[in-house]
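All remarks here apply to the structure that follows.
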Amino acid sequence: RKSFLIGDVSTLLAMFGRFCKGGSSPAAAAAAAAEAAAEADLSTYITALGCVTAILAIKIGALNLLTVRSRLITGDMSSGKEGGVSQPADKSMSPMCVAFFKLSLVCIGPTFATQKFVQLVNNAKENEPWFLTTAAVVAIAGNPPAWGATGLYLYCASRFVHMALFLVEFPEALLPYQVLVRAVPYLVGVFTMFSLAATRFS
């Protein structure tokens, strides 16, 4: 009986040894390392997506408020409205309402043209939701590219650079190149979106 038990223990130890040896093989170690790297990439990507989404949400909200501020300072209530016509309610606001909004939005000092803010809001609506949707789909799929987080931050930065170049007044000597200069960050953002979307087909 003693020798029988010893034999069983020896068999179990041998099986355990083979299990450990197989589990620590180079192929298994490489697979484990790849899985860990993929999980780290996904975690970093999701963190970046959260940050970029929040920043772009604040950006569009701020642009909307700045548009209203510009309207109150300049009196331009028609830019961006259908047919270029102000809404009756805009024209009929009581002095108390106007004073409230001017105080709330600090309507003192200079402002950019209302039309510029309107165009920036439209540009953001035409581009940023599509990028964020694509980025979210990649996150849901669970396998973002290794450069995914960097791509998200690059897109976000390109949108702010584009906005700044659109708002700033270029010197007259540089006017022939203004569209080209501000198109560069815009195209960086667009092709980042294309690259991210293309990972779904690879």
Side-chain angles (χ1 to χ4, degrees), residues 34-74 76 79-81 90 100-169 178-179 181-202:
E35 184 178 354
E39 289 178 358
D41 285 344
L42 179 59
S43 177
T44 302
Y45 180 86
I46 291 174
T47 299
L49 177 58
C51 290
V52 169
T53 301
I55 291 170
L56 293 180
I58 292 170
K59 172 176 172 282
I60 189 65
L63 283 174
N64 283 322
L65 292 177
L66 288 170
T67 303
V68 176
R69 178 180 180 272
S70 179
R71 291 189 191 281
L72 292 169
I73 291 175
T74 63
D76 180 1
S79 290
K81 302 292 180 68
D90 296 335
F100 170 76
F101 286 118
K102 283 188 173 181
L103 181 63
S104 301
L105 298 173
V106 193
C107 296
I108 300 171
T111 180
F112 294 103
T114 303
Q115 183 60 35
K116 284 198 170 189
F117 283 124
V118 169
Q119 287 178 265
L120 280 173
V121 168
N122 288 336
N123 186 272
K125 290 189 297 185
E126 292 166 0
N127 290 275
E128 291 164 18
W130 295 102
F131 176 83
L132 293 175
T133 300
T134 302
V137 168
V138 172
I140 292 169
N143 56 343
W147 52 266
T150 301
L152 293 179
Y153 290 125
L154 176 63
Y155 180 86
C156 187
S158 72
R159 295 300 301 167
F160 276 88
V161 173
H162 172 262
M163 178 180 70
L165 291 175
F166 187 84
L167 287 173
V168 72
E169 295 293 341
Q178 182 175 7
V179 174
V181 170
R182 75 171 186 240
V184 170
Y186 174 80
L187 291 174
V188 168
V190 169
F191 280 96
T192 300
M193 180 173 66
F194 287 164
S195 299
L196 194 61
T199 63
R200 297 302 86 206
F201 303 102
S202 59

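- A heavy-atom distance below 4.5 Å is found between the side chains of K125 and V121.
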Start with the C-alpha gap between L152 and L196, add the side-chain angles, then the distance that decides, and say whether side chain to side chain contact (heavy atoms under 4.5 Å, CB included) holds. CA-CA 9 Å; L152 293 179; L196 194 61; 4.3 Å; yes
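- The shortest non-hydrogen separation linking R71 to V118 is NH2-CG2, 3.7 Å.
- Using a 4.5 Å heavy-atom cutoff, the side chains of V184 and V161 are not in contact.
- Taken from NZ in K59 to CD in E128, the straight-line distance is 3.5 Å, to the nearest 0.5 Å.
- For L56 against C156, the heavy-atom pair with the smallest separation is CD2-SG, 4.2 Å.
- Using a 4.5 Å cut-off on side-chain heavy atoms (C-beta onward), F160 and I55 make contact.
- Summarising the geometry of V168 relative to L165, their closest heavy-atom pair is CG1-O, 3.5 Å, with the distance given to 0.1 Å.
- K116 contributes atom NZ, which lies 8.5 Å from atom CD of Q119 (distance to the nearest 0.5 angstrom).
- Rounding to the nearest 0.5 Å gives a distance of 11.0 Å between OG1 of T53 and CD1 of I58.
- Checking side-chain atoms of S70 against main-chain N and O of L66 turns up no donor-acceptor pair under 3.5 Å.
- The stretch residues 130-156 participates, sequence neighbours left out, in these side-chain hydrogen bond (donor to acceptor under 3.5 Å, both in side chains) pairs: N143-R200.
- The nearest pair of heavy atoms linking P185 to S158 is O-CB, 3.3 Å.
- Distance OG1/T44 to CD/E39: 11.5 Å, rounded to 0.5 Å.
- A135 and L49 get closest at one heavy-atom pair: CB-CD1, 3.6 Å.
- A distance-only check finds no donor-acceptor pair linking the side chain of T192 to the backbone of G151 [under 3.5 Å].
- Atoms CZ and CE, from F131 and M193 in turn, are 8.5 Å apart once rounded to the nearest 0.5 Å.
- Between the side chain of R69 and the backbone N or O of I108, at least one donor-acceptor pair lies under 3.5 Å.
- A salt bridge links K81 with D90: the distance from a Lys NZ or Arg NE/NH1/NH2 to an Asp or Glu carboxylate oxygen falls below 4.0 Å.
- Of all heavy-atom pairs spanning T199 and P145, the tightest one is CG2-CG, 3.9 Å.
- By the 6.0 Å contact criterion, CZ on F101 is open, its count of non-hydrogen atoms from other residues, nucleotides or ligands being 12 or less.
- With contacts defined as side-chain heavy-atom distances shorter than 4.5 Å, the pair F117/V68 does not qualify.
- Rounded to the nearest 0.5 Å, atoms CG (N127) and CG (L132) are 11.0 Å apart.
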